[in-house]
Amino acid sequence: MIQSLPDQLRSSVRFLGRILGDVIKAQDGEALFNRIEEIRQASVAFHRDADPQSAELLERRLAGLSLPDTVRFAHSFACFLQITNIAEDQIQRRRGQAGDARDDTLAGVLRTLKDEGVGPEQVVAFLRDALIAPVLTAHPTEVRRKSVLDRTHAIGADLDAFEHARSDDEREQAEAELLRQVSIFWRTRLLRNAKPGVGDEIETAVSYFERSFLIELPRLYAHWARRLHAAEPLPSFLRVGSWVGGDRDGNPFVTAEVLRHALARQSRAALQYYLGRLRALGAELSLSGDLAQITPELQALAERSGDNSAHRVDEPYRRALAGVFARLEASYPALTLDARAPSSSLPAEPYSGPEAFRRDLQIVQDSLVAKQGPRFVEGPLPELLRAVDCFGFHLATIDLRQNSAVHARVIGELLAGAGVCAAYEDLDEQARCDLLLGELGHGRLLFSPFAPYSEETQREYAVLQVAGEARRLYGPEAIKAYIVSNTTSVSDLLEVYLLLKEVGLFHPGPQPRADVLAEPLFETIADLRAAPQTMRDYLSLPLVAALLSEQRLQEVMIGYSDSNKDGSYLTSTWELHQASKALATVTQDAGLRLQLFHGRGGAVGRGGGSSFDALLAQPEGTIGGRIRVTEQGEVVANKYADPQLTRQSLETLTAGVLLASLRRPSNAPPAAVNGEVMDALAAAAFASYRKLTRETPGFVEYFYSATPINEIMELNIGSRPAQRQGRRSIDGLRAIPWVFSWSQSRTMLPGWYGFGSAVEAAGASIDQLRELYETWPFFNTTLANMEMVLAKGDMNIARRYAGLVEDRPLADNIFGLIRAEWDRTCKAVLAITGQSVLLEKNPDLAEIIRSRLPYIDPLNHLQIELIRRRRMGDADAAVREGVHLTINGVAAGLRNSG
């Protein structure tokens with residue numbers, strides 16, 4: 001009998017927990033272990049029995065901890081929650097390998113499509129013009145150090161080895177290794193000593209490629225080709241992008257040198273992987289020309305290699321690969337900025353680009369298949385060819401991003417310095433567009449190396465210069481898009497082209513061309529509502545039509561985080577849905593296809609939740625096989641730190657895109673009916689949310705006091721400042737710490753607030769909403785995500801955080817508003833879903849969350865007391881460490897908190 005997911009998790013956690021307990025007893029003694037165990041048992045008893053006496057016992061034991069013991073306790077529970085994550089990931093890997101999970105394979109989706117008349121050959125044809133691209137970003141909610149991620153990866157590998165042991169001896173060895181790794185983990189510092197720089201973030205991002213993407217992505221293509229019975233290799237529709245090193249919006253530390261370093265470090269990872277694979281292939285392909293036939297092209301490649309060793313005179317494949325290796329090594333210094341001594345003694349010219357490298361590899365592959373047969377269609381060389389196709393010499397396409405306000409200032413300074421316009425920023429929108437279009441119509445440049453520009457202008461110009469160098473050095477895939485944050489007008493996009501023109505990335509003339517395309521990011525509720533008209537005006541320009549004439553495609557990025565912070569989860573979700581539909585119509589009317597770039601984060605308040613379900617909930621006709629999605633914060637490690645989980649995550653994403661793009665239209669109620677109901681709900685939720693967050697006196701003070709936002713801003717978890725401006729305000733705070741701090745306090749406010757009031761005020765009956773829930777994937781997914789958030793929240797703990805507010809009447813008033821809305825929202829969710837308790841219909845998820853709460857809750861209680869001490873002036877470093885350890889542990893327990 002197959003164990004349920006909760007039973008498997010319980011068994012694995014109990015096993016790893018025993019290992020951790022043995023380590024604690026061995027290294028710190030029975031006394032510390034017993035104190036930790038007493039608190040653990042008391043918390044488990046309280047959650048199991050809801051007994052007030054258990055709660056009192058738990059509080060007494062927590063209160064009785066000394067400061068050093070408090071820190072050790074926080075460390076131990078944070079470690080335990082990391083152990084729980086390892087066990088959960090291991091189970092997901094195991095279930096994926098067994099093929100009994102929906103997210104692990106395309107098989108289920110392909111069966112569904114086949115039942116609807118879409119066969120494998122149609123899927124293959126569809127994929128020829130598809131693009132599916134997760135994009136890694138450096139947004140700071142990943143509280144784990146890379147050293148901790150490395151240790152958890154090692155423990156996970158040892159746990160797999162233990163599970164697959166074939167004898168008692170192998171099992172004993174695996175358990176001994178587990179004890180060793182957990183011992184190292186127990187003594188590994190969970191917190192960073194210093195704030196990471198962008199260089200650290202680049203290193204972390206590249207590590208996911210080295211550990212997972214470079215290896216697993218090529219293998220996935222071979223797997224999919226078998227599933228689809230493809231006669232020809234599939235197109236490389238799945239790519240991985242990055243913002244790390246190119247995203248300057250609000251981050252002054254991303255400079256030209258940082259971008260150059262990011263590109264070089266990425267290239268080093270790709271080339272080192274290719275060189276390693278070439279070495280292995282050279283060792284493997286020992287075929288003798290006396291015994292095996294070869295193509296003339298391979299013979300010529302072998303002759304050109306310069307490898308005249310008597311040992312390999314009859315081994316053409318080895319000679320050919322030796323020459324390829326030497327040429328790639330010769331390319332290495334310029335691409336990686338690493339002047340390492342080559343290991344090959346063969347004279348070789350550097351490759352002009354990845355295409356030339358790939359052509360040589362293809363010669364070897366074609367000879368093997370033509371002369372040795374179809375067994376060589378799959379294997380190490382086809383995987384290397386696929387890797388070069390996907391990763392080139394650049395590894396990951398880096399997007400540039402900057403705020404439109406910066407562009408306006410820089411353009412204004414350049415125009416003034418060139419004597420074109422003294423006060424560009426004073427012009428109205430039409431005058432700005434006329435001026436920009438005029439400047440884009442000729443070849444005169446504005447920048448002068450002798451003019452005394454501001455530091456901001458010099459910094460922006462230098463970044464663009466590096467972007468131009470990058471495309472020439474690494475190829476056109478290195479940088480393709482320039483994301484414009486806070487796009488509110490057509491001029492915001494035209495400004496980018498004028499800046500690109502200054503460095504040769506925009507080419508004016510009768511047939512204007514842009515090597516890098518400007519792409520809008522619509523973030524706030526108002527911007528999303530205005531987006532269709534903004535894009536209609538933009539796409540109507542003859543210049544823009546010419547720039548897009550070749551690819552016939554316009555990408556638009558939509559932001560989940562800021563729209564949520566601006567107007568509530570429900571309103572944000574609906575406005576994103578509506579904007580997506582409207583943008584698809586606008587681009588279609590312009591004779592173009594829409595490619596949406598979804599700026600999702602890990603938390604539900606930032607677009608988190610099931611990627612598969614989110615794709616199926618998108619408006620019909622808005623995906624069409626092309627989508628990019630940001631991967632942010634702690635979910636990057638959760639999805640991609642392990643090769644098997646990477647494989648499952650990429651399969652899930654691909655399966656969701658295929659099904660959302662090719663399935664039959666749904667049988668949901670008419671769109672007009674859905675829209676009327678959602679319009680009313682969204683308007684009511686917006687009013688409720690804005691009334692609390694923008695109109696309630698003292699709300700800003702409450703937020704900064706009743707959450708650990710100040711302590712989070714002290715954490716060494718990201719290079720980007722948490723606030724856009726110095727003063728304390730909701731609008732000036734970035735969405736990431738906004739969501740993260742509410743998660744830490746277990747209020748989870750961005751993921752649900754306003755829904756209960758909306759249901760009461762919108763006028764729709766519960767029966768009508770229940771029908772929408774049962775028939776409309778959008779509404780079903782929206783409520784499923786909200787329900788998960790509510791299950792992770794706890795108003796009793798949130799009330800204790802409210803106790804940190806010095807103004808007690810203010811705290812009581814605002815917490816009362818939050819608690820009342822919580823009750824309304826829970827009541828509405830249960831009524832619509834037809835449940836008596838949250839997650840009643842999803843018992844696996846309910847049990848997984850419940851199993852973590854006895855370990856999260858004590859950390860919350862300790863966090864509150866430590867914050868209170870710190871804010872009262874206790875400067876002891878142990879207090880600060882304890883606060884940060886509790887933040888680490890709570891984030892690990894919640895998993896998708898930021």
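- To the nearest 0.5 angstrom, L596 atom CG is 5.0 Å from I558 atom CD1.
- Inter-residue side-chain proximity for M786 and T825 is flagged as met; some heavy-atom pair is nearer than 4.5 Å.
- Scanning for salt bridge (charged side-chain N to carboxylate O under 4.0 Å, His left out) contacts around E502 gives an empty result, with sequence neighbours left out.
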Item to check | Step-by-step ring pair (Phe, Tyr, Trp, His ring centres under 6.0 Å) determination, W224 to F237 | outcome: CA-CA 12 Å; W224 292 334; F237 60 88; 5.5 Å; yes
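- Note: Q578 CD to E575 CD = 7.0 Å, rounded to the nearest 0.5 Å.
- D537 CG to S491 OG: the interatomic distance, rounded to the nearest 0.5 Å, is 11.0 Å.
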Item to check | Stepwise salt bridge (charged side-chain N to carboxylate O under 4.0 Å, His left out) test for E519 and R628 | outcome: CA-CA 13 Å; E519 299 180 353; R628 292 208 294 157; 3.8 Å; yes
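- More than 12 non-hydrogen atoms from other residues, nucleotides or ligands lie less than 6.0 angstrom from CD of Q533.
- A heavy-atom distance below 4.5 Å is found between the side chains of L653 and L615.
- In this structure the side chain of S661 never reaches within 4.5 angstrom of the side chain of I627, judged on heavy atoms.
- Inter-residue side-chain proximity for L131 and R239 is flagged as met; some heavy-atom pair is nearer than 4.5 Å.
- Between L547 and F506 there is a side-chain heavy-atom pair separated by less than 4.5 Å.
- A salt bridge links E460 and R248; the closest N-O separation between the charged side-chain nitrogens and carboxylate oxygens is under 4.0 Å.
- Applying ring-ring contact (aromatic ring centres under 6.0 Å, His included) to W742 and the options Y569, Y753, W752, F703 leaves one that passes, F703.
- Residues passing the salt bridge (charged side-chain N to carboxylate O under 4.0 Å, His left out) test with R536: none are found, sequence neighbours excluded.
- One distance of note links CZ of R401 with CG of D399; it measures 10.0 Å at 0.5 Å rounding.
- One finds the OG atom of S580 at 9.0 Å from the CD1 atom of I623 (value rounded to the nearest 0.5 Å).
- If you check the side chains of S757 and K691, you find no donor sitting under 3.5 Å from an acceptor.
- For the pair V556/P520, a side-chain contact is recorded, criterion being any heavy-atom separation below 4.5 Å from C-beta on.
- Both tests pass for R432 against the ring of Y424: distance under 6.0 Å to the centre and angle within 45° of the axis.
- F686 carries R529 over the face of its six-membered ring, with the cationic atom under 6.0 Å from the centre and within 45° of the normal.
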Item to check | Test side-chain contact (heavy atoms from CB on, under 4.5 Å) applied to V135 and T397, step by step | outcome: CA-CA 9 Å; V135 179; T397 300; over 6 Å; no
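- T573 is not listed as a side-chain neighbour of N785, based on a closest heavy-atom distance of 4.5 Å or more.
- A salt bridge between D562 and R734 is absent, with no side-chain N of the basic residue lying under 4.0 Å from a carboxylate O of the acidic one.
- Residues F755 and E821 share a closest heavy-atom pair of N-OE2, 3.5 Å.
- In this structure, CD on E495 lies 8.5 Å from SG on C433, to the nearest 0.5 angstrom.
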